[in-house]
Amino acid sequence: MPFPISEATPIRFPGPPPRVCDVVIIGGGVVGVMSAWFLAERGLKVALCEKGRIAGEQSSRNWGWIRQQGRDPGELPIMMEARRIWENLAQEFGDALGFQRTGVLYLANKEKDIAGFEEWMVHARAHGLDTRQLSAAEVRALLPGTAIDWPGGLFTASDARAEPWVAVPTLVNGAVARGVTVVENCAVRALDRAGGKVVGVITEQGRIACDQVVLAGGAWSSLFARAEGVTFPQLAVLASVAATEPMPEVYPGAAVDGDFAFRRRMDGGYTLAPGAEHDFFIGPDAFRAFRFYLPVLKNDWRSTTFRPSAPKGFPDAWSTARRWSADAPSPFEAMRVLNPKPNMATIGRVQDAFAKAYPALGRPKLKAVWAGMIDTMPDVVPVIDRVAAIPGLTIATGMSGHGFGIGPGIGRVVADLVAGNTVGHDLSRFRLSRFSDGSKIVPGPAL
Ligand SMILES: Cc1cc2nc3c(=O)[nH]c(=O)nc-3n(C[C@H](O)[C@H](O)[C@H](O)COP(=O)(O)OP(=O)(O)OC[C@H]3O[C@@H](n4cnc5c(N)ncnc54)[C@H](O)[C@@H]3O)c2cc1C
């Protein structure tokens, strides 16, 4: 099975974009779509420009976990709101999102992991979350039939799952129903500014006048922002994923240990992925951002396969232009849908790990393998902020591998930030200036 969303996917929203609106959203992933949704609900005229296809990048390629568990304490209140929004969305769209409250389970491989779970329980208690620490026997009761004796676990029953390659393409219909104009194959090349302020954007389909722009470009955000003179140390890592053929249900939810992760899908298969492994392509941004990443690298370098260069056209490829003219095609049009090749050695190890845990089922047969470029930040939490240097520009990016679940909450927050309303959450952890004001980089929980 080829990956369900690609450049071959028919364009559902050909445009044209409006000539004038209140807010332009750059990027049609979960963050852009849900920001547009809530902005339109607040009565603003919104255009959403997507260079390729709605949810063609991370928002369709992820594991489908809607997870409060293990979140950075700064994100947790937004995530708890996001989970409630998901419940409402599931009511509006019925089964179409594949939303099910089946829980998220972390499995300890060693005693040290259990100590980490204990530390995180402090935040769960502080926020009244239903997370529980599990003994080895309780883990066994949740995962009958496994051949592995995990010494303990961490479980949040109210966590959920949804189907990535159908959820956001369905949610965009809700945004359109609320009045958003969505345009695919419509790269935004540059901001249009007058007196330093945003007065519009230049897209490949012409100029749109607006006084507010939300940059929700996922792995492309820092490339776009840098060309506008705004720098932040966002990088992208390659994460490989596989979907099994339908197989007996051994567990209805999502679970992960250090070796592998699995999540039941609506079609009766499992989505499998490595517990920690990923690949990293070295490029100019990696050098620029290196010092910011030292704290996370200390813990993470063993699970990273470093490669000397990204394939042509990737955001941090050596040959990718860093400056371009708004009158000519930009790097965004050159790569409509970022569709990296998965690391097949990693996928093979994941199949082995699943077979080791469930020997009675044999080595799982795969119906699809794919990869996504995760946009990450050195402290593993996003940037959600207005850009002081460019009035009218708001950035919502760097979801660091966990933006699918929180996306609807981020969308609500971004909408109120842009509309000038009270946001209701403390966003100081996500401020852009943390990378320039000498703040210490404090990584949040990694998964
Ligand atoms: C393998 C994998 C597993 C993951 N697992 C989970 C999980 O289980 N749970 C979870 O919560 N999160 C998970 N994530 C993370 C999650 O998928 C992302 O954090 C989230 O989808 C990010 O959404 P986004 O809207 O910010 O970016 P994206 O979905 O990447 O969307 C950004 C969009 O912007 C467009 N764009 C960029 N530049 C321009 C431009 N100049 N003009 C127009 N359009 C532009 C791109 O084409 C893209 O479609 C995972 C990610 C991956 C890759």
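The figures that follow rest on heavy atoms only: side chains count, while hydrogens, waters and symmetry mates do not. In each ligand, atom 1 is the first atom listed, and ligand 1 is the first ligand listed.
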remark   = For atom 39 (C) of ligand 1, the closest protein heavy atom turns out to be Ile26 CG2, 3.7 Å
key: atom 37 (C) of ligand 1 [closest protein heavy-atom partner, distance rounded to 0.1 Å]   = Gly217 O, 3.3 Å
How does [X] reach ligand 1, if at all, at less than 4.0 Å between non-hydrogen atoms: by side chain, backbone, both, or neither?
{"X": "Arg61", "answer": "backbone"}
{"X": "Val241", "answer": "side chain"}
{"X": "Ser221", "answer": "neither"}

Numbered atoms and elements of ligand 1 in range of [X], under 4.0 angstrom, heavy atoms:
{"X": "Gly405", "answer": "10 (C), 11 (O)"}
{"X": "Gly28", "answer": "33 (C), 34 (O)"}
{"X": "Ser59", "answer": "20 (C), 21 (O), 23 (O), 25 (O), 28 (P), 29 (O)"}

Do [X] and [Y] have a side chain donor and acceptor closer than 3.5 Å?
{"X": "Trp220", "Y": "Glu57", "result": "yes"}
{"X": "Gln68", "Y": "His127", "result": "no"}
{"X": "Gln212", "Y": "Thr394", "result": "no"}
{"X": "Trp65", "Y": "Asp159", "result": "no"}

Heavy-atom nearest neighbour of [atom] within options [options]:
{"atom": "atom 12 (N) of ligand 1", "options": "Phe332, Phe404, Trp63", "answer": "Phe404"}
{"atom": "atom 41 (N) of ligand 1", "options": "Ile406, Val188, Leu338", "answer": "Val188"}
{"atom": "atom 53 (C) of ligand 1", "options": "Val24, Ile374, Thr376", "answer": "Ile374"}

request  = Sort and list the pairs that fulfil side-chain hydrogen bond (donor to acceptor under 3.5 Å, both in side chains) and have at least one residue in residues 160-171, not counting sequence neighbours.
outcome  = Glu163-Arg263
query = CD of Glu119: more than 12 outside heavy atoms within 6.0 angstrom?
reply = no
Would you call [X] a ligand 1 contact, heavy-atom distance under 4.0 Å?
{"X": "Cys186", "result": "yes"}
{"X": "Thr397", "result": "no"}
{"X": "Gly407", "result": "no"}

task = Determine, step by step, whether Asp257 and Trp150 satisfy the side-chain contact (heavy atoms from CB on, under 4.5 Å) criterion, reporting the C-alpha distance in whole Å, the side-chain angles of both residues, the deciding distance to 0.1 Å, and the verdict.
result = CA-CA 9 Å; Asp257 77 355; Trp150 285 287; 2.9 Å; yes
